[in-house]
Trainee: 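Sharing a structure with you now.
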Amino acid sequence: MSVAQAKYAVLITRATSSTAGPAFAWVDGPDAQAGVPGTDGVVLPGRSIAILDIPSLALTTGAANVRFDMAVGESTARRRGDPASIEIRIDLGGVGPTGAPLSTSRYLVHPAGQRPLTALGIALGVERQLGLCGESVPPGIHTPESLIDPAYAAKRMAEIGAVFVDAPGDLDPAASR
């Protein structure tokens with residue numbers, strides 16, 4: 001069974017007051033279905049999935065809404081005749097210091113697929129836990145997002161061939177659901 005066909009509820013965050021922190025809610029059925037656009041604009045049928053990154057990112061960043069939509073299918077590179085790649089679309093929206101709405105969309109793309117990014121993530125986490133990059137980590141439970149400097153992670157991703165690409169157009173992520 002593909003991810004798009006799976007029948008299970010998904011944990012996402014919903015907006016709450018900043019003093020209360022994020023509130024988590026389960027979605028299922030049509031609310032969990034999503035269209036996931038590739039870098040070439042082709043939209044694949046997908047689904048929101050519950051992964052540990054949802055509460056981790058919400059709690060680390062203070063974001064009121066976090067959702068992870070995933071589609072499995074032919075990548076843009078594969079449609080061009082190149083080897084399969086991974087495309088991770090990141091849609092960010094919020095309010096700037098003046099109260100004006102801000103939004104941006106980017107793709108994180110690696111031509112060799114997910115494995116190099118996963119391996120790098122593990123290496124960065126171990127490197128940080130061992131104190132090889134940054135101060136020693138205090139005892140306790142930590143998530144990678146709370147320990148790894150994002151600029152350092154982006155630099156290391158570029159070193160292994162990952163690139164950040166502007167998303168075509170100004171797509172509203174809610175429009176693809």
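All values below were derived from every heavy atom in this structure, side-chain atoms included, with hydrogens, water molecules and symmetry-related copies excluded.
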Trainee: Just how far is it from atom CD1 of I49 to atom CZ of R67, taken to the nearest 0.5 Å?
Mentor: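 Output value for this atom pair is 11.5 Å.
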Trainee: Just jot down the salt bridge (Lys or Arg N to Asp or Glu O under 4.0 Å) partners of D82, sequence neighbours excluded, or say none.
Mentor: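 Here the qualifying residues are R80.
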Trainee: Can you pull the salt bridge (Lys or Arg N to Asp or Glu O under 4.0 Å) pairs that have at least one residue in residues 92-112, sequence neighbours excluded?
Mentor: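 For residues 92-112, and leaving out neighbouring residues, the salt bridge (Lys or Arg N to Asp or Glu O under 4.0 Å) pairs sorted by first residue read R106-D166.
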Trainee: Please find the pair of heavy atoms, one from P83 and one from A77, that lie closest to each other, and give the distance.
Mentor: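 Where P83 meets A77 most closely, the heavy atoms are O-CB, 3.4 Å.
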Trainee: With hydrophobic residues grouped by side-chain heavy-atom distances under 4.5 Å, do F68 and I86 end up in a single group?
Mentor: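 No, F68 and I86 fall in different hydrophobic clusters.
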Trainee: Under 3.5 Å, side-chain donor or acceptor atoms of residues 34-46 against the rest of the protein: list the pairs with distances, not counting sequence neighbours.
Mentor:
residue: T39; atom: OG1; partner: T76; partner atom: OG1; Å: 3.2
residue: T39; atom: OG1; partner: E87; partner atom: OE2; Å: 3.2
residue: D40; atom: OD1; partner: V42; partner atom: N; Å: 3.1
residue: D40; atom: OD1; partner: T76; partner atom: OG1; Å: 3.3
residue: D40; atom: OD1; partner: R79; partner atom: NH2; Å: 2.9
residue: D40; atom: OD2; partner: R79; partner atom: NE; Å: 3.0
residue: D40; atom: OD2; partner: R79; partner atom: NH2; Å: 3.0

Trainee: Tell me whether V165 shares a hydrophobic cluster with L108, the cluster being built from Ile, Leu, Val, Met, Phe, Trp, Tyr side chains joined at under 4.5 Å.
Mentor: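 Hydrophobic grouping puts V165 apart from L108.
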Trainee: E127: which residues meet the side chain to side chain donor-acceptor pair (under 3.5 Å) condition with it, sequence neighbours left out?
Mentor: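 Applying side chain to side chain donor-acceptor pair (under 3.5 Å) to E127 gives Y152, R156.
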Trainee: Considering residues at least two apart in sequence or located in another chain, which fulfil the salt bridge (Lys or Arg N to Asp or Glu O under 4.0 Å) criterion with R78?
Mentor: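 Residues passing salt bridge (Lys or Arg N to Asp or Glu O under 4.0 Å) with R78: none at all.
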Trainee: The test is side chain to side chain contact (heavy atoms under 4.5 Å, CB included); show your working for Q114 and H110 and say whether it passes.
Mentor: CA-CA 7 Å; Q114 180 179 345; H110 197 289; over 6 Å; no
Trainee: Check whether any side-chain heavy atom of L102 lies under 4.5 Å from a side-chain heavy atom of T104, and answer yes or no.
Mentor: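 L102 vs T104: side chains apart.
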Trainee: Hydrophobic clustering (ILVMFWY, side-chain heavy atoms < 4.5 Å, transitive) - are L132 and V126 grouped together?
Mentor: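 Yes, it is one cluster - the side chains of V126 and L132 are joined through contacts under 4.5 Å.
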Trainee: Are L124 and I90 co-members of a hydrophobic cluster defined by side-chain heavy atoms under 4.5 Å apart?
Mentor: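 Yes, it is one cluster - the side chains of I90 and L124 are joined through contacts under 4.5 Å.
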Trainee: Rounded to the nearest 0.5 Å, how far apart are OG of S103 and CG of L92?
Mentor: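 If we round to the nearest 0.5 Å, S103:OG and L92:CG are 9.0 Å apart.
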Trainee: How far apart are the closest heavy atoms of I148 and G125, and which atoms are they?
Mentor: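 Closest approach of I148 to G125: CD1-N, 3.8 Å.
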Trainee: Tell me whether R128 contacts the main-chain N or O of E135 through its side chain, where contact means a donor paired with an acceptor under 3.5 Å.
Mentor: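 The answer is yes, because a donor-acceptor pair under 3.5 Å joins these two groups.
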Trainee: For residues P116 and G113, report the shortest heavy-atom separation together with the two atoms involved.
Mentor: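 Minimum heavy-atom separation between P116 and G113: CD-O, 3.3 Å.
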Trainee: Determine which pairs satisfy salt bridge (Lys or Arg N to Asp or Glu O under 4.0 Å) with at least one residue from residues 112-125, sequence neighbours left out, and list them in order.
Mentor: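 Residue pairs with at least one partner in residues 112-125: there are none.
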Trainee: Examine F164 and L120 and state if one hydrophobic cluster contains both, with Ile, Leu, Val, Met, Phe, Trp and Tyr joined whenever side-chain heavy atoms are less than 4.5 Å apart.
Mentor: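 F164 and L120: one cluster.
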Trainee: Closest approach of P111 and G161, non-hydrogen atoms and distance?
Mentor: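 Closest approach of P111 to G161: CD-O, 3.5 Å.
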